[in-house]
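The figures that follow rest on heavy atoms only: side chains count, while hydrogens, waters and symmetry mates do not. Sequence lines set the chain letters: A, B, ... in the order given, protein chains first and strands last, and positions in each chain run from 1.
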Amino acid sequence: MNIPQNLKYTKDHEWVSVSGDIATIGITDFAQSELGDIVYVEIETEGETLGQEEVFGSVEAVKTVSDLFMPLSGEIIEFNAGLEANPESVNTDPYGDGWMVKVKMSDTSELEGLLDAAAYEALVG
Amino acid sequence: MKSTALVNKHIALGAKMVPFAGYNMPVQYEGVNAEHETVRNAVGVFDVSHMGEFLLTGENALALIQKVATNDAATLTIGRAQYSCMPNGKGGIVDDLIIYRMKEEQYLLVVNASNIEKDWNWISSHNDLGVEMKNLSDDYSLLAIQGPKAVEAMQSLTSIDLSAINYYHFEVADFAGIEHVIISATGYTGSGGFEIYCKNTEVEQIWDRVFEAGASFGIKPVGLAARDTLRLEMGFCLYGNDIDDSTSPIEAGLGWITKFTKDFTDALVLKSQKENGVTRKLIAFEMIDRGIPRHDYQILDLEGNVIGKVTSGTMSPSMKIGIGMGYVETAFANLETQIAIEIREKGVKAKIVKLPFYKK
């Protein structure tokens, strides 16, 4: 199971990479392997400001659909348009080409509530 | 939870195991899309040993089957199998099943794992004819070896000519070094192949030899997830989704296995449905706009009124579009009718199509 040290995580199996007040968000290697072949990522919240734990989209595998939850509050400033044509990037490269949204954080103190790699590993271990 | 005799093989192969019908079953190995494609283009092997098997023996075995099942089992000769279903006395369905005629006065009934106890009790309650009933479910294993290369890949394992077994026919023969194996040209994938019935004590040897013989044909193990996408692309009903105790065989489009040439449970009510029509029908639909239908999603007309419910849905691995089945009011059940599927509070356009979805 790949759990990069430099990322933050949620109990909903999302990862967060922070640069200034911009957070890039995706789902973890564990999440993609549990979901199986991902065939559709639906994100129609670009431009919206959402609170922490609100649903910002959904990810569909062949057999299941799962909601995507905001790890942090903020405005969705970009979604990964590459997933329209290649949703399988979430399976093959969950921390790279499989990223989902970029969020302009409204409260960076929420970062302190996220899990670090060791805590996330303990959760899925 | 129960396990099949092959559970350790699945775990060693890295399968993701899930509880299904009381069994710890492999849902996928490498991935549902790859496994699906293996069955459509080459050959794949499913362990479906969770399925139930009942052996009915005696001079009245046929009479008992004729009474509980909709299809006409009198047309079965030895070596033939038949798809059928059992009505529940209230116009619904106890289970769907396959009936094999093994001998002059002996039949094998293969039922869904989730219904083994219910079916056993149901058939037993109608057995006032002295038919000897044996539940073999815990002692027998079932492998489905499915795909266009199944015949060629498995031929080296048996002395009989596999290509000579027609669809829904079977032979009892040697297979993979084991005597008296049922080799049946059946399966629920639409890609051809066999189902192999053997004893639990024999299945490990058969599994190993099947993979050895199939290696050069690209044989792979296939899990329940791909079993579901494969059957849905053909529009085959899954008990618990598309048919259950509340759906009639006529509503479900199973009129073709409901034969009024003989008497059976619910024959009168089903005949009346066939003659006078039903208020809802099981339909097949393809998404026009992007979206994936799922079990229990609402089906809407184009004005947004609820007209039914999805019973099975998936992204089709072969066609790369959303496909599904569901019950709708009869007025909306015509081919090419446009409908909408409610996906995350939005109506997404779809149209009613003819089965199968997947055409070779």
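- When each of A:Asn91, A:Val65, A:Val39, A:Asp37 is checked for heavy-atom pairs under 4.5 Å with chain B, A:Asp37 comes out on top.
- Salt bridge annotation for A:Glu60-B:Arg294: present, with a cationic side-chain nitrogen under 4.0 angstrom from a carboxylate oxygen.
- A salt bridge links B:Arg290 with A:Glu84: the closest approach of a Lys/Arg side-chain nitrogen to an acidic carboxylate oxygen falls below 4.0 angstrom.
- Here the side chains of B:Arg344 and A:Glu42 are in contact, with some heavy-atom distance below 4.5 Å.
- For B:Phe217, the ring-ring contact (aromatic ring centres under 6.0 Å, His included) test picks out no residue, with sequence neighbours left out.
- Counted within 6.0 Å of CD on B:Gln298, heavy atoms from surrounding residues, nucleotides or ligands total more than 12; the atom is thus considered enclosed.
- Atom-to-atom distance recorded for A:Ile38:CD1 and B:Asn33:CG is 11.0 Å, nearest 0.5 angstrom.
- Heavy-atom contacts from other residues, nucleotides or ligands closer than 6.0 Å to NZ of B:Lys359 number more than 12.
- When each of B:Val32, B:Thr314, B:Asp228 is checked for heavy-atom pairs under 4.5 Å with chain A, B:Val32 comes out on top.
- No more than 12 heavy atoms of other residues, nucleotides or ligands sit less than 6.0 Å from atom NZ of B:Lys349.
- Using a 4.5 Å cut-off between heavy atoms, A:Ser58 contacts chain B through its side chain alone, with no backbone atom that close.
- Your options are B:Ser316, B:Ala34, B:Gly291, B:Ala225, and the one with the most heavy-atom pairs under 4.5 Å with chain A is B:Ala225.
- More than 12 heavy atoms of other residues, nucleotides or ligands shown are found within 6.0 angstrom of NZ on B:Lys9.
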